[in-house]
Amino acid sequence: MVLLIHGYAENSDSWAPLAADLMKDHTVVVPDLRGIGRSSKPADGYDKKTQAKDMRAVVTSLGFDKTFVVAHDIGNMVAYAYAAIYPDKVERLVVMDAPIPGIEPWSEILQNPGVWHFNFHGPDAERLVAGRERIYFDRIWNDFTADPGKPDEETRNFFAATYAQPGGMRAGFAQFTAFSQDAKDNKVFEQTKLTMPVMAVGGEKSFGPLQAVIMRHVATNVDEEVVAGSGHWLMEEKPDYTVALIRKFLDGPVVAHSAGSAGGDSNEERLTPTEYKFPGVGNPGTGSSGVGGIQTIVLKGNPDQAGVYTIMLRVPAHTQIAAHSHRDDRVATVISGTWHIGYGDKFDEVGLKALPPGSFYTEPPSRNHFAATGDEPVVVQITGFGPSSTEYVDAKQDPRKSPSSK
């Protein structure tokens with residue numbers, strides 16, 4: 001399940017491009033934040049810790065437990081609180097283009113005149129904006145876009161009208177009023193780092209790489225992505241690219257990033273077995289056989305790119321893999337379970353050799369091989385020199401071409 005948490009000056013409808021794509025093969029839950037859109041507008045509870053509990057209530061009331069979380073703008077703040085309160089319930093986290101109160105460089109961000117709206121709230125602000133919601137939001141939309149035509153007129157009118165509902169601006173302003181409490185809460189949360197995979201996305205003309213800088217203060221496994229040519233409104237300015245980026249992160253192999261030693265090189269990695277975070281579902285990636293149930297972690301490098309890489313695969317019990325090859329020269333070690341592997345152009349049970357944990361084997365470039373597991377899953381660690389690939393001897397046996405493959 002994927003939980004999408006929207007930001008300010010928008011509501012859950014802002015996720016339409018991403019939700020339309022993800023719903024093809026994921027359950028997608030897209031709630032409105034407290035006081036925004038179709039949600040009720042209570043007098044209080046706008047601190048992000050409380051709103052994270054709102055999100056958790058939505059998830060559990062629908063019968064779900066663990067989830068992917070994707071957020072933008074103020075949604076980042078709610079998503080961070082959610083991940084900090086329920087770390088074992090978040091499989092992967094995406095945050096896009098916004099600061100987190102209390103997390104540096106928060107103090108520097110507050111000094112930027114461009115965030116004037118952080119301190120524009122209260123009864124007088126409500127009276128000033130009443131009937132002029134579109135003028136107020138135009139200033140925010142225009143200040144943070146890289147494309148003056150985005151959001152477009154129809155989108156602007158739609159969102160402005162939702163905030164013009166009775167109590168809408170009071171509730172919207174309350175998101176900012178709560179920042180001082182959010183900063184206090186986040187200072188506590190920051191003491192325990194997030195360990196799930198995190199993708200920090202910034203628009204090139206907005207937060208850019210700063211989004212990852214922020215998240216590395218609070219998380220140990222952070223991917224950095226910058227959307228070229230985009231400002232803050234990623235779903236409106238660069239929807240196709242942003243959707244593809246998010247889908248690749250949610251469905252692709254997990255890349256394990258260790259915090260390393262203090263003052264050490266960024267390439268230093270020290271991972272214990274408990275730090276290997278396999279995804280909850282199969283995600284066969286580049287360098288695997290493509291069998292749907294295989295779970296993949298990328299420990300080093302990128303098997304899609306030139307250079308050394310190491311991947312770890314968890315292969316389900318009772319799996320049979322037809323003859324195939326990889327273009328690169330690879331070596332492997334069996335970590336757990338008993339792995340059965342053979343060489344040749346056709347699966348042959350007689351040709352399989354049982355390799356218990358600690359065993360070593362090779363996959364020479366373009367050398368066809370086949371494999372199987374028994375009554376238990378098997379974990380193997382493979383190192384190669386990318387870019388890698390997978391070619392089956394019989395294309396009809398390629399699981400990636402099966403309608404049931406993910």
Side-chain angles (χ1 to χ4, degrees), residues 25 247-248 250-256 276 278-406:
D25 49 12
R247 174 172 278 282
K248 182 178 180 181
L250 297 184
D251 294 346
V254 176
V255 179
Y276 299 140
F278 283 100
V281 297
N283 64 332
T286 301
S288 77
S289 61
V291 172
I294 291 178
Q295 297 164 294
T296 309
I297 303 174
V298 178
L299 297 176
K300 178 180 175 62
N302 184 337
D304 285 311
Q305 299 176 2
V308 175
Y309 68 87
T310 299
I311 58 177
M312 184 173 286
L313 309 178
R314 178 186 284 163
V315 186
H318 307 294
T319 296
Q320 181 172 305
I321 302 173
H324 64 283
S325 65
H326 310 281
R327 72 174 68 169
D328 54 317
D329 196 3
R330 298 157 33 121
V331 296
T333 301
V334 180
I335 304 299
S336 65
T338 299
W339 185 231
H340 302 262
I341 188 166
Y343 301 101
D345 298 337
K346 183 178 180 180
F347 185 91
D348 179 8
E349 191 168 348
V350 176
L352 292 171
K353 181 174 182 177
L355 301 180
S359 298
F360 169 85
Y361 64 98
T362 63
E363 295 180 357
S366 301
R367 178 70 166 104
N368 291 321
H369 55 279
F370 48 89
T373 59
D375 294 333
E376 59 183 347
V378 173
V379 174
V380 295
Q381 181 173 303
I382 301 171
T383 296
F385 194 91
S388 189
S389 65
T390 302
E391 292 86 27
Y392 275 80
V393 174
D394 183 351
K396 295 179 181 179
Q397 295 182 309
D398 187 340
R400 298 166 299 179
K401 298 181 180 179
S402 168
S404 62
S405 295
K406 297 295 185 185

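Just so it is clear, the values below take in all heavy atoms, side chains as well, and ignore hydrogens, waters and symmetry mates.
A salt bridge is absent between Asp394 and Lys396; no separation between the charged side-chain nitrogens and carboxylate oxygens falls under 4.0 Å.
The line from CD of Glu391 to OG of Ser366 is 7.0 Å long, rounded to the nearest 0.5 Å.
Residues satisfying the side chain to side chain donor-acceptor pair (under 3.5 Å) test with Arg367, not counting sequence neighbours, are none. Taking Ser289 as the reference, nothing meets the side chain to side chain donor-acceptor pair (under 3.5 Å) condition, with sequence neighbours excluded. Looking at residues two or more places apart in sequence or on another chain, you find a side chain to side chain donor-acceptor pair (under 3.5 Å) between Thr390 and His326. Taking the ring-ring contact (aromatic ring centres under 6.0 Å, His included) definition, one finds that Phe370 meets it with Phe347, sequence neighbours left out. Residues passing the side chain to side chain donor-acceptor pair (under 3.5 Å) test with Asp329, sequence neighbours excluded: none. For the salt bridge (charged side-chain N to carboxylate O under 4.0 Å, His left out) test, residues two or more places apart in sequence or in another chain that qualify with Asp251 are Arg247.
Scanning all heavy atoms of the two residues, the minimum distance from Asn302 to Asp304 falls at OD1-N, 2.8 Å.
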Which donor-acceptor pairs under 3.5 Å do side chains of residues 310-317 form with protein atoms, sequence neighbours excluded?
unit_1	atom_1	unit_2	atom_2	d
Thr310	OG1	Thr383	OG1	2.9
Arg314	NH1	Gln295	OE1	3.4

Solution key, residues 348-360 side-chain donor-acceptor pairs under 3.5 Å, sequence neighbours excluded:
unit_1	atom_1	unit_2	atom_2	d
Asp348	OD1	Val350	N	3.1
Ser359	OG	Pro356	O	2.7

Check: residues 335-345 side-chain donor-acceptor pairs under 3.5 Å, at least two apart:
unit_1	atom_1	unit_2	atom_2	d
Trp339	NE1	Tyr361	OH	3.1
Tyr343	OH	Thr362	O	2.6
Asp345	OD1	Asn368	ND2	2.8

Side chain to side chain contact (heavy atoms under 4.5 Å, CB included) evaluation trace for His324 with His369: CA-CA 6 Å; His324 64 283; His369 55 279; 3.4 Å; yes
Worked verdict on Ile321 versus Val291 for side chain to side chain contact (heavy atoms under 4.5 Å, CB included): CA-CA 8 Å; Ile321 302 173; Val291 172; 4.0 Å; yes
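Remark: the Asp328 side chain and the Tyr309 side chain contain an N/O donor-acceptor pair separated by less than 3.5 Å.
In this structure, the side chain of Arg330 does not engage the main chain of Phe385 through any donor-acceptor pair within 3.5 Å.
Side chains of Thr286 and Ser389 form no contact here, defined as non-hydrogen atoms less than 4.5 Å apart.
Sequence neighbours left out, not one pair with a member in residues 373-386 passes salt bridge (charged side-chain N to carboxylate O under 4.0 Å, His left out).
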